[in-house]
Amino acid sequence: MTSAHGDTEPVTDWFRLLIAELLGADEEEIPLDRPLGELGMDSLTAAELSATVEERVGALISLERFLGDETVEQVVAELGSHTAVATTEEAGA
């Protein structure tokens, strides 16, 4: 999900699209710098988002983070580092 140079743009695009799909919105309507808790996400949506992220990336993100003050950018920064580690481990396997 990241390039060899650690570019998180593909992760950002994927995560933003995932949020948009769960909220029934267009991807462009999901701002990168607005707290996720302000986007209209409820606990069920946060649970779905958490499960999908864990399944796809292997990162366990608590529901509270999706319902709180963290932004798409902040979560993507963590996901980017997670996917970089996963990619490195897969390459060594």
Side-chain angles (χ1 to χ4, degrees):
M1 291 180 109
T2 60
S3 72
H5 302 290
D7 180 14
T8 59
E9 188 173 322
V11 178
T12 301
D13 292 345
W14 169 77
F15 187 63
R16 193 175 181 196
L17 180 60
L18 177 59
I19 293 169
E21 288 175 353
L22 289 171
L23 295 176
D26 288 329
E27 184 178 355
E28 296 79 30
E29 295 176 19
I30 307 299
L32 300 178
D33 59 351
R34 187 169 168 200
L36 291 168
E38 294 180 7
L39 299 178
M41 195 172 304
D42 59 20
S43 58
L44 179 60
T45 305
E48 291 178 57
L49 183 58
S50 180
T52 301
V53 167
E54 183 176 8
E55 179 182 298
R56 180 81 186 264
V57 181
L60 182 58
I61 309 284
S62 71
L63 302 184
E64 292 80 17
R65 291 179 65 187
F66 292 136
L67 296 169
D69 293 331
E70 289 195 61
T71 65
V72 169
E73 292 170 328
Q74 291 170 320
V75 174
V76 164
E78 181 173 333
L79 294 178
S81 66
H82 233 297
T83 57
V85 169
T87 302
T88 302
E89 289 174 355
E90 289 170 6

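The analysis underlying the following values was restricted to heavy atoms, covering all of them including side chains, and did not include hydrogens, waters or symmetry mates.
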Rounded distance (nearest 0.5 Å) linking atom [atom1] of [X] with atom [atom2] of [Y]:
{"X": "E38", "Y": "L67", "atom1": "CD", "atom2": "CG", "answer": "12.5 Å"}
{"X": "L44", "Y": "L49", "atom1": "CG", "atom2": "CG", "answer": "11.5 Å"}
{"X": "T45", "Y": "L36", "atom1": "OG1", "atom2": "CG", "answer": "12.0 Å"}
{"X": "T12", "Y": "E73", "atom1": "OG1", "atom2": "CD", "answer": "8.0 Å"}
{"X": "D69", "Y": "R34", "atom1": "CG", "atom2": "CZ", "answer": "12.0 Å"}

Can you name the closest pair of heavy atoms from [X] and [Y] and give their distance?
{"X": "G68", "Y": "P35", "answer": "O-CB, 3.7 Å"}
{"X": "E70", "Y": "Q74", "answer": "CA-OE1, 3.0 Å"}
{"X": "L79", "Y": "A59", "answer": "CD2-CB, 3.7 Å"}

For [X] and [Y], indicate whether the former's side chain and the latter's backbone hold a donor-acceptor pair under 3.5 Å.
{"X": "E78", "Y": "V75", "answer": "no"}
{"X": "S50", "Y": "S62", "answer": "no"}
{"X": "R16", "Y": "I30", "answer": "yes"}

Would [X] end up clustered with [Y] when hydrophobic side chains under 4.5 Å apart are linked, directly or stepwise?
{"X": "L18", "Y": "L39", "result": "yes"}
{"X": "W14", "Y": "L23", "result": "yes"}
{"X": "L17", "Y": "M41", "result": "no"}

For this session: Quick one: do L22 and F66 satisfy side-chain contact (heavy atoms from CB on, under 4.5 Å)? Show the steps, please.
Result: CA-CA 12 Å; L22 289 171; F66 292 136; over 6 Å; no
